[in-house]
Amino acid sequence: MTIDTNTKRPIPAGFEHAHATPHSYAAMYAESISDPEGFWGREGKRLDWIKPYSKVKNTNFEFGEVSIKWFEDGVLNACVNCVDRHLPTRGSQTAIIFEPDNPDSPARHITYAELSEKVNRMANVLLSQGVVEGDRVVLYLPMIPEAAYAMLACARIGAIHSIVFAGFSSDALANRINDSEAKVLITADTAPRGGRVTALKSNADAALLNCSEKTRCLVVKHTGDQTTWVQGRDVDLLAQMEQASPDCPPRAMNAEDPLFILYTSGSTGRPKGVVHSIGGYLAFAAMTHEYTFDYHDGDVFWCTADVGWVTGHSYIVYGPLANGATTLMFEGVPTFPDAGRFWQVCEKHKVNQFYTAPTAIRALMAQEDEFVTRHDLSSLRVLGTVGEPINPEAWAWYNDVVGNGKCPIVDTWWQTETGGHLLTPLPGATETKPGSATVPFFGIKPVILEPESGKLLEDNPAEGVLCFADSWPGQMRTIWGDHQRFMETYFQQYPGYYFTGDGALRDEDGYYWITGRVDDVINVSGHRMGTSEVESALVAHAQVAEAAVVGYPHEIKGQGIYAYVTLMHDVEPSDGLRKDLETWVRTQIGPIARPDVIQWAPGLPKTRSGKIMRRILRKIAENDCKSLGDITTLADPEVVDDLIANRMNRG
Ligand code: 6R9
């Protein structure tokens, strides 16, 4: 069955009173573009300010002078906005529903009053450990409420949190602790996920061997599993919280002070510490959460991402809590104990908005529909996706089988750098097309440029690189410790624009379709991975001389990791060595970076100037060997024949 992707799907019934309707979207969007000061000046008021701002927007995209400031003289506290201000009206409302990995363990409902108490206590523990305003605190935690407490506790005292995804290895963790010069690491003993257990604390121990001796380690005893304990360095966080006062005055922070750092992969070099600041980020996360999901008071909102990624920051913690929502935190995985878990949890907690990644949808779609249909999903109103393009088949299954044709699908395009949604349908306002992220959010000015010349393509249809012509409050402010790299990465290639690294097509209706990354970043199950990171890990192995990594189409993951490896001259390839390299990359970066395919390459195709021709390697990995294009510039064209003859994922 081919799916018609070009005809707009009407807005389902029941969204007549949505926050945005076709008419109001058009009017509000027009205003947001013609008068950003007025528009955002009003929207900024969705937050509580200790001292209101008098300036709204002060942004400059000019290379060499890039500077992004919103609400710059305003004073506020993010934690107060997510917790304290809800207490008078919502103290006994559930703020966080915690659904544990094991379906037989009871769920926990944490009210706003309890959230306040925990966060205040944790903030006091941080203060007692010497953490002061501006200090960095690295979080290496499972999907447990303590992760949200820790984020908010940092925000309360003006410390900057940096979450490292619990699936990253100890080496990756150490790099991030060192780059951010963190004073404190917060981790947990062990993390159950999908019935398996990750030894977080022992990874943390290994990481801390390579960090400053002064780094303290606060440990959440979550499972109670035995771990080693370093006297004087390790602190039992929950025990300390019990001793601590439940009252910690919030720090008055400037809108432009950093709220968090989140490391993300780029096309070159080490992961970049993306810096988001308090006022603009929080206002944007709250506003997008409300409009994109048509969130209303009393709704139960579930974003299945991990807090280690930006999606978890904006749409598990900051956006929903700023809006006084009930947000669900799920410790487990979609397929444990079986492929019905997501839907069982939706039914159990009467979830209204459900937000997940295409990779999860594809994995579940491959199972019997009965895993879905045996559950009562009538509470669902809006379904969201994020992280990678959704293929029309997965979109249709999500729409028909999960949403029963009644739930608008919001395909939200955004990035760690953007803080929140930039391209997305709004449930009551935008007719959808399967696979398209549709139209810009309020205040967002997307453009398509010709990749080579940078020429602005104004007519429809247009295909090229996706850039943005002006700033929005949730935009990242800098790369931690390297503003020059920030400017070079995002503002140099196409002067005057923010460059996303994505390619896109704008169709006759003005709808945007993301065509994928145009740089050396691949997207594995919605996780961003720099091919250069995997290459660096491989060449760090004693038996590897050279490596080149590309993405190739993978049925479930979207993209798989394909590594071409040249061994040292005296090393023989073997299956044992292949396994060794897989394990090696896991320990260097983490399981998500493990190559799906390792092909032994006696040589790599290079230009005469020594540049690896990835275009050719991509084609071979895709089994598209007939259209290799021009290979006459290669120093040694024969290596290509060998690579084709020995390609690995035949099919
Ligand atoms: C939020 C998040 C960002 C990259 C981005 C793009 C891809 C995200 C997408 C999408 C197509 C969507 N991406 N959402 N591609 N359709 N709806 O995922 O942030 O981890 O920084 O990744 O993900 O390629 O540039 P991040």
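Atoms within a ligand are numbered from 1 in the order they appear, just like the ligands themselves. Remember, predicted model here, so these are calculated numbers, not experimental data. Values below: every heavy atom of this structure, side chains too, minus hydrogens, waters and symmetry copies. We number each residue from 1, following the sequence as shown.
Under the side chain to side chain contact (heavy atoms under 4.5 Å, CB included) criterion, T7 pairs with D4, sequence neighbours left out. With sequence neighbours excluded, the residues satisfying salt bridge (Lys or Arg N to Asp or Glu O under 4.0 Å) with D470 are K57.
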In residues 422-444, what donor-acceptor pairs under 3.5 Å come from side-chain atoms, sequence neighbours left out?
from: T430; atom 1: OG1; to: L426; atom 2: N; distance (Å): 2.9
from: K433; atom 1: NZ; to: N6; atom 2: O; distance (Å): 3.4
from: K433; atom 1: NZ; to: N6; atom 2: OD1; distance (Å): 3.2
from: K433; atom 1: NZ; to: D507; atom 2: OD2; distance (Å): 2.8
from: K433; atom 1: NZ; to: D509; atom 2: OD2; distance (Å): 2.7
from: S436; atom 1: OG; to: T438; atom 2: N; distance (Å): 2.9
from: S436; atom 1: OG; to: Y512; atom 2: O; distance (Å): 2.7

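The contact shell of ligand 1, taken as protein residues with any non-hydrogen atom closer than 4.0 angstrom, comprises V310, T311, V386, G387, E388, P389, D411, T412, W413, W414, Q415, T416, D502, I514, R517, N523, R528.
With salt bridges taken as basic N to acidic carboxylate O contacts below 4.0 Å, none links R270 and E533. Using a 4.0 Å cut-off between charged side-chain N and carboxylate O, E417 and R528 make a salt bridge.
Across T359, T356, V410, I390, a single residue satisfies side chain to side chain contact (heavy atoms under 4.5 Å, CB included) together with T385, and that is I390.
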